[in-house]
Amino acid sequence: MRWNNVEEQLHCFVVNRKAPEEDRRRLELDARSRAAAFMAIHAELGVAVSGHRVASSGVRAAAHLLPAADI
């Protein structure tokens with residue numbers, strides 16, 4: 001995943017070129033959505049609050065960025 005300065009949006013690339021195109025697009029959109037949710041929540045709370053270990057875990061959970069076993 002990387003930030004595209006020209007288009008001002010996140011770009012995500014699935015490196016497994018053997019995966020079907022539809023699956024790659026779905027995974028890329030999912031990754032972009034989760035990262036965008038994380039960034040929005042983090043920006044709303046601010047670094048002082050979201051930097052705390054418990055708050056950080058909550059932010060990742062809200063953005064669906066925790067492994068399934070940790071939820």
Side-chain angles (χ1 to χ4, degrees):
M1 186 167 293
R2 71 175 184 210
W3 180 257
N4 182 322
N5 290 325
V6 176
E7 297 177 10
E8 295 188 355
Q9 66 178 347
L10 289 171
H11 281 198
C12 177
F13 306 97
V14 175
V15 294
N16 181 1
R17 297 295 177 197
K18 294 180 181 179
E21 182 68 27
E22 184 178 321
D23 289 347
R24 290 195 339 237
R25 274 192 247 140
R26 188 178 69 320
L27 287 171
E28 290 168 359
L29 180 59
D30 182 57
R32 283 179 47 193
S33 297
R34 289 173 191 242
F38 175 78
M39 291 169 48
I41 294 167
H42 195 276
E44 188 71 32
L45 292 176
V47 174
V49 174
S50 61
H52 187 272
R53 185 179 57 81
V54 174
S56 178
S57 180
V59 168
R60 287 186 314 219
H64 302 287
L65 292 172
L66 289 178
D70 292 347
I71 296 176

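- For the pair D30 and R26, the salt-bridge criterion is not met [side-chain N within less than 4.0 Å of a carboxylate O].
- E21 and R24 are joined by a salt bridge, as a carboxylate oxygen and a charged side-chain nitrogen come within less than 4.0 angstrom of each other.
- Rounded to the nearest 0.5 angstrom, L27 CG and R32 CZ are separated by 13.0 Å.
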